[in-house]
Structure formats: C-alpha cells, structure tokens
Trainee: 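Attaching a single structure in structure tokens format; questions to follow.
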Amino acid sequence: MTSPVYIVGHKNPDTDSICSAMALAELKQKMGMYAVAARIGHLNPETSFILKKLELDPPLYMTTAKNTLAEIEIDEAITIPRHETLRHGWDLCLDKAKALYVVDDNDNYIGMATIGDVSKVQMQDLNITKDLLKETPLENIVKCLKGSFILKGTLPMSGEVRISDKKLMERDLEGAIMVLSDHEDDMIKSMAKGCAVIVIAESFVPNDYIIEMARKYGVTLISTNYNTMKIIQMIYRSIPIELIMTPASAITSFNRGEFLEDVEREMLKSRHSSYPVLEKGKIVGSVARYHILKAEKKKFILVDHNEKKQAINDIDSAYILEIVDHHRIGDIETDHPIQFRNMIVGSSCTIVGLMYHEMNIKMSDTAARLIAYGIISDTMNFNSPTCTQIDKDLAKRIEKEHGIDFDAMAKELFANTATIQDKSFDTILHRDSKEYTLSGKRVAISQVFIFDLDVVDQIRDDFLKYMEEENKMRHLDLLLMVFTNVEGKGSRFLYVGELSHAIKGLVDSFTKMGYVSRKKQIVPRLAQELA
C-alpha cells in the first residue's frame, strides 16, 4: 500500500494556503510523487468562490497527523460461518491464517478461533468433547465425512462415539454415535441398545430390514467412503466452530478510525497474536503488533507556515519532507534533513510558481489560475507592502503564458467576497487568526479584508463586547482585530486585553500610517513596542 504525501497549509487556511497546496500537489504529481492536497480548516468565502469558479473540489480535510488503522496496511480477516466444522476451520488455518473470525448468519462478527483452539479439541478430555458433539448438527457430521444420509433419524445424540467390540452388548449405547463396518448384526444390536447414529464405513449399504428398523427406532444412518479409524477422527472435527470459539465480548477489538498509539496501548494489555478490526459490527481486517511497528508515519509537505501552533494537530507524529513558506522561521523541528524553502515574497503561491519554472514543468491552466488567485489574495493585488518584484515578475509571465488578466480576476474576486455582511462575529474573529508570543506576552491578531471600512463603525461596540467575552476564555494579553481594505487602502483596528491601554497610541499610529500587513507591519511594530 503506497502512502500519500499530504501537502497542507496552516490552520484557518486563507486563499494562499489552499491554492499553494493544490498547485504544489499538481507539481509533485507531475514529478512522480503520490501527492494529495489537504487542509486543516474550513474554506473562507473567498477561497470557496475561487474553487467554485475553477470547478474544483476542496482539498482533503484533515484534523491530525496521527495514523489510524484505516491508513495503514493490515491483514485480510479470514472469516468462517459459525456453523462451519472444525475440519474446515483447520484447513483455513493451514492455508490462510492462524486466527479465524467467526460470523453469524448476517455476517456480523461474533468471536474468534485460533489454530490452537481447533487443534486442542483433539487433545481434550473426552467428557468435554462429548458435550460438544451433543450440540453438533448431523449435517456437520455428514459434511466432515464426505458422506451421505441413508436415513435421517430423530434420536438425540449423547456425544459418545463407539465402535464394535466384544463388550458391545454390555455398554450403554443410549444416544451413541456408532462407527461400524459391514457387520449388519452389530447394527441391529446397536439400535436395540438405543444408539442414535450409525456411521457405516467404506460405502457399505445395509439391507432393507436394517433400514426399516432404523426408521422405526428413529436412528440416523450415514454412509461414507472412509474406513473406521478415519471416521472416528473426522467425527470430532465435525463440531461447529461456534462451540469452541472465544466470544467477541472476551476479545479486544478495534475500529478502523482508532489511532495507532491507542491501539498499541491496548495491545500491551493482552497477549493475542492478532485482533479484529471492525466497522459497524462487520469484520474488515486483522491487525497484529507487527503492523503497528512497521507502520510508516504520515508524510507531509507544509506550505505557507512553519510554526507548530499553525500546523496540523500532532505534527510531532508526522514525517515532514519539505516546507515551502514566506513567513518568519518558526519552531517546527525535524530529526532529519528536509527541503526548506523560505523566500521574501508576498505569497507562497509565488514560490510554487517559481518551482514549476525551475523544474521546467509546465503548469496546467488550472494550476496557473490557482497561483494567480493566491498571489492576488495575499498581496492585495500587488498593493500590499509584502509584495515584491518577484511576485510581479511571476505574474507577468503567467499572464503571458496562460492568457490571464490579473486585474480582472482581482476585481471579480473582491467584488464577490470582500464583505462582512451577514457574517457572524465568530466567523469574522476566527476565520483568519494567528497567535504570537511577543516578549512573553500572548497576542492574537485576526484579520479580515473588506471593501468598505465604514461598516466597522456600525458594529464597533457590539464587536468589542464579543471580543471581551472571547478573551475571558482565552486569557490573551492582547486580542487585536484588523479590518483591512481589500485594495490596500488602510485598516481599522479593534482590541481588548490587559495591553489595550499600553498600545493605544501605537495602534492609532497604525491607522494613520495605513498599515495593511499583519506579517510585515503590525507584528514587527508590536514586537518592537513590547520588547
């Protein structure tokens, strides 16, 4: 089973994060990698508009870097119907598996039988085996003997298996299974003593008198090609597997969605060689410790971020192959060398576009438009102070090679998405929020892009109350909400927290100076002020 490499952006993904992951996934696929674009948050309205416009499905939604049983290679579960014979179970164990999973008539998992369980029947105390044979259907005996019914009787079996000997008439044969050859006198004597079943060896067919006597007494007559010794051996193998299985309630089982570390922890509490994996009560696989030990970590390429708090949950459980980013260097660590590409550009999509050019691989028109939208969004159509000449040069090349009009795309995009009308306060505050530690202070900065900054005055008081309530739970030193004009014409700021009074003058200066970039303007100045 080939494992994919997930290409994923940061939490609360913006357009650049999604578009760069999707465009890079195409590049890696063209380079022969099994790459899958993924996301660790819901799409914002802008990105949703873009994907709908390009008729693309959203990237795969993920919540954790941990592996589940559904994501690793496990064994096929060898199942056996509950009425099947031990003989059939033995054959399955020899050919396919050391453990069998028993299912009921509706294919639901009800228990497990190992090769040890099956073989142990041959070595058990005869009193135990006798009790098992009592409950064994006659059809199982016929099937195991590869025989046929001469006559199917009605007498219940005692579970005793007898052969003809000198003390035949002295023995209690009530309900016994008699294994006889062609001696018809022994058949008559056995029926007179109350036997329930007569298995006749080597395909001998008794005369009509014996058959009629068997019918009168309710005795079952079975014919088989086997000799006497083989018959005795096979009768004990006719016991239904259900009677010797360990019931499901006594065995640890797992669901496909369980994390490997949880599975391993449970395995350490028992000594089974394998465990059933279930889905809605149905057996879907068999897992052993070696499956867990040999399982590879999920592989990731991170785009548009390189900090743990922005990364997928449980990133320490992952194997990181590469990072493509345009932010400051964060705190993600690896225990092996990786490709780390970090550039001073306005968009991660710019870096991905350069990678296509460097690898001499032509991007599809769809990838070109994804990259274009990512650049437009992250550079505010080249009006953000984070925009560089590299972004502009790449845009010109994409326009020429793919016939794209960046200005027309930007106008349509902003006109349809840059609004907070009908959006909840929760959505506005959390859609694009990043947390920082600046000089030991916990600071969260949220940003939303809108056409008309005057709408902020309409919600100011109510939004500040909402932020105060939010910060009672988060206990941030500063919670800052930035409403930025989508065309790069300044921002409005709302903030709460213990640092509010200390930074009031600073934030007023942000407004006067027309700050629009969280990364390049707001965060550096806050860090300088709080140092």
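In what follows, residues are counted from 1 in the order of the sequence shown. In this text the structure is predicted, and so the values were computed from the model without any measurement.
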Trainee: What distance do Ile450 atom CD1 and Thr417 atom OG1 have between them, rounded to the nearest 0.5 Å?
Mentor: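 Here the rounded value is 12.0 Å.
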Trainee: Under a 4.0 Å threshold between the charged nitrogen and the carboxylate oxygen, would Arg341 count as salt-bridged to Glu358?
Mentor: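 Salt bridge between Glu358 and Arg341, a charged N being under 4.0 Å from a carboxylate O: yes.
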Trainee: Should Glu469 and Lys465 count as an ion pair when the cut-off is N to O under 4.0 Å?
Mentor: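 Salt bridge: no.
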Trainee: What closest approach, in Å, do Ser20 and Val352 show between heavy atoms, and which atom pair accounts for it?
Mentor: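 Scanning both residues completely, I find the closest heavy atoms to be O-CG2, 3.9 Å.
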Trainee: Less than 4.0 angstrom from a charged side-chain N to a carboxylate O is my criterion; do Glu279 and Arg256 meet it?
Mentor: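 Arg256 and Glu279: salt-bridged.
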Trainee: Any chance you could measure Ile301, atom CD1, to Ile323, atom CD1, to the nearest 0.5 Å?
Mentor: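 Rounded to the nearest 0.5 Å, the CD1-CD1 separation comes to 10.5 Å.
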Trainee: Using a strict cut-off of less than 4.0 Å between a Lys/Arg side-chain nitrogen and an Asp/Glu carboxylate oxygen, indicate whether Arg289 and Glu264 qualify as a salt bridge.
Mentor: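 The answer is no: the pair does not qualify as a salt bridge.
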Trainee: I need the full list of ring pair (Phe, Tyr, Trp, His ring centres under 6.0 Å) pairs touching residues 351-401, with sequence neighbours left out, sorted by first then second residue.
Mentor: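 Only Phe382-Phe406 qualify under ring pair (Phe, Tyr, Trp, His ring centres under 6.0 Å).
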Trainee: Run the salt-bridge test on Lys504 and Asp508 with the 4.0 Å N-O cut-off and return the result as yes or no.
Mentor: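 Yes.
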Trainee: Is the shortest side-chain heavy-atom distance between Glu73 and His291 below 4.5 Å?
Mentor: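 Glu73 vs His291: side chains apart.
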Trainee: Between Ser509 and Tyr515, does a side chain to side chain donor-acceptor pair (under 3.5 Å) hold up when you go through it step by step?
Mentor: CA-CA 9 Å; Ser509 72; Tyr515 276 13; over 6 Å; no
Trainee: Evaluate the side-chain proximity of Leu478 to Leu526: yes if any heavy-atom separation is below 4.5 Å, no if none is.
Mentor: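 Yes, close enough: below the 4.5 Å cut-off.
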Trainee: Apply salt bridge (charged side-chain N to carboxylate O under 4.0 Å, His left out) to residues Lys441 and Glu529 and explain how you reach the verdict.
Mentor: CA-CA 12 Å; Lys441 304 295 185 180; Glu529 182 75 11; over 6 Å; no
Trainee: Establish, yes or no, whether a centroid distance under 6.0 Å links the rings of Tyr319 and Phe300.
Mentor: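 Not under 6.0 Å, so no.
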Trainee: Flag yes if more than 12 heavy atoms outside Tyr34 fall under 6.0 Å of its OH atom; otherwise flag no.
Mentor: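 Check fails, neighbour count at 12 or below.
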Trainee: Check the pair Thr427, Ile420 against side-chain contact (heavy atoms from CB on, under 4.5 Å), reporting the backbone distance first and the verdict last.
Mentor: CA-CA 9 Å; Thr427 299; Ile420 57 173; over 6 Å; no
Trainee: More than 12 foreign heavy atoms under 6.0 Å from CD of Glu296: is that the case here?
Mentor: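 Check fails, neighbour count at 12 or below.
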Trainee: For the OG atom of Ser253 and the NE2 atom of His272, what is their distance to the nearest 0.5 Å?
Mentor: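 Taking OG in Ser253 and NE2 in His272, the distance rounds to 10.5 Å.
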Trainee: Hey, are Glu435 and Lys11 close enough for a salt bridge, meaning a charged N less than 4.0 Å from a carboxylate O?
Mentor: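 Not counted as a salt bridge, because no side-chain N and carboxylate O are separated by less than 4.0 Å.
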Trainee: For Glu498, does the CD atom have more than 12 heavy-atom neighbours from other residues, nucleotides or ligands under 6.0 Å away?
Mentor: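 No.
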Trainee: Looking at Asp105 and Arg82, does any basic side-chain N land under 4.0 Å from a carboxylate oxygen?
Mentor: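 Salt bridge present between Asp105 and Arg82.
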Trainee: Taking only Lys NZ, Arg NE, NH1 and NH2, and the carboxylate oxygens of Asp or Glu, determine whether Glu333 and Lys308 approach each other closer than 4.0 Å.
Mentor: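 Looking at Lys308 together with Glu333, the answer is no, because their closest N to O distance does not fall below 4.0 Å.
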Trainee: To the closest 0.5 Å, what do you measure between CG (Leu370) and CG (Leu24)?
Mentor: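 The CG atom of Leu370 sits 11.5 Å away from the CG atom of Leu24.
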Trainee: State whether Phe259 and Lys66 meet the cation-pi test: NZ (Lys) or CZ (Arg) under 6.0 Å from the six-membered ring centroid, and within 45° of the perpendicular axis.
Mentor: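 Checked: cation-pi criterion met.
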Trainee: Would you say NZ of Lys423 has more than 12 non-hydrogen atoms from neighbouring residues, nucleotides or ligands within 6.0 angstrom?
Mentor: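 Check passes, neighbour count above 12.
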Trainee: Quick check: do Tyr436 and Arg328 have side-chain heavy atoms less than 4.5 Å from each other?
Mentor: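 Heavy-atom side-chain distance check passes, below 4.5 Å.
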Trainee: side-chain contact (heavy atoms from CB on, under 4.5 Å), that's the test. Do Met33 and Leu27 meet it? Break it down for me.
Mentor: CA-CA 9 Å; Met33 178 184 289; Leu27 174 61; over 6 Å; no
Trainee: Out of the candidates Ile283, Asn108, Ile110, only one should pair with Val102 under the side chain to side chain contact (heavy atoms under 4.5 Å, CB included) rule; please name it.
Mentor: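 Result: among Ile283, Asn108, Ile110, Ile110 is the only option passing the side chain to side chain contact (heavy atoms under 4.5 Å, CB included) with Val102.
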Trainee: Flag yes if more than 12 heavy atoms outside Lys512 fall under 6.0 Å of its NZ atom; otherwise flag no.
Mentor: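 Counting neighbours around NZ of Lys512, 12 or fewer heavy atoms of other residues, nucleotides or ligands fall under 6.0 Å, so no.
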Trainee: For side chain to side chain donor-acceptor pair (under 3.5 Å), just list the numbers for Thr68 and Glu258, CA-CA rounded to whole Å, side-chain angles, deciding distance to a tenth of an Å, and then say yes or no.
Mentor: CA-CA 5 Å; Thr68 65; Glu258 292 193 57; over 6 Å; no
Trainee: Do other residues, nucleotides or ligands put more than 12 heavy atoms under 6.0 Å from Gln421 CD?
Mentor: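 No, CD of Gln421 has 12 or fewer neighbouring heavy atoms, counting only those of other groups under 6.0 Å.
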Trainee: Enumerate the residue pairs fulfilling ring pair (Phe, Tyr, Trp, His ring centres under 6.0 Å) with a member in residues 476-496, sequence neighbours excluded, ordered by first and then second residue.
Mentor: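 Every ring pair (Phe, Tyr, Trp, His ring centres under 6.0 Å) pair that includes a residue of residues 476-496, provided the two are not neighbours, is Phe463-Phe483, Phe493-Phe510.
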Trainee: Are Ile329 and Glu307 close enough that some pair of their side-chain heavy atoms sits under 4.5 Å apart?
Mentor: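 Answer no - side chains too far apart.
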Trainee: Which pair of non-hydrogen atoms, one from Glu399 and one from Ile404, has the smallest distance, and what is that distance?
Mentor: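 Scanning both residues, the minimum pair turns out to be CG-O, 2.8 Å.
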Trainee: State, yes or no, whether a side-chain contact exists between Val482 and Val448 at a heavy-atom distance under 4.5 Å.
Mentor: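 The answer is no; the side chains never approach within 4.5 Å.
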Trainee: Around atom CZ of Arg460, are there more than 12 heavy atoms from other residues, nucleotides or ligands closer than 6.0 Å?
Mentor: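 Result for CZ/Arg460: open.
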Trainee: When you compare the side chain of Asp16 with that of His326, does any pair of heavy atoms fall below 4.5 Å?
Mentor: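 Yes, their side chains come closer than 4.5 Å.
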Trainee: Checking side-chain polar atoms at under 3.5 Å, does Asn306 have a donor or acceptor matched by the opposite partner on Asp325?
Mentor: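 Yes, Asp325 and Asn306 have a side-chain donor paired with an acceptor closer than 3.5 Å.
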Trainee: Considering residues, nucleotides and ligands other than Lys53, do more than 12 of their heavy atoms fall under 6.0 Å from its NZ?
Mentor: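 Result for NZ/Lys53: open.
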Trainee: Please assess Thr79 against Tyr109 for the test side-chain contact (heavy atoms from CB on, under 4.5 Å), listing each intermediate value before the final yes or no.
Mentor: CA-CA 9 Å; Thr79 60; Tyr109 163 68; over 6 Å; no
Trainee: Is there a side-chain contact between Ile371 and Thr350, using heavy atoms and a 4.5 Å cut-off?
Mentor: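 Not in contact.
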Trainee: Is Asp14 salt-bridged to Arg431, cutoff N-O under 4.0 Å?
Mentor: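 Salt bridge flag = no for Arg431 with Asp14.
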Trainee: Could you please spell out the steps behind the side-chain contact (heavy atoms from CB on, under 4.5 Å) verdict for Glu470 and His430?
Mentor: CA-CA 11 Å; Glu470 175 74 11; His430 294 108; 2.9 Å; yes
Trainee: Indicate whether the side chain of Tyr466 and that of Asn471 have a donor and an acceptor atom separated by less than 3.5 Å.
Mentor: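 No, because no side-chain N or O of Tyr466 sits under 3.5 Å from a partner of the opposite role on Asn471.
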Trainee: Kindly indicate whether the side chain of Val324, heavy atoms from C-beta on, has any atom under 4.5 Å from the side chain of Met355.
Mentor: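 Yes. Closest side-chain heavy atoms under 4.5 Å.
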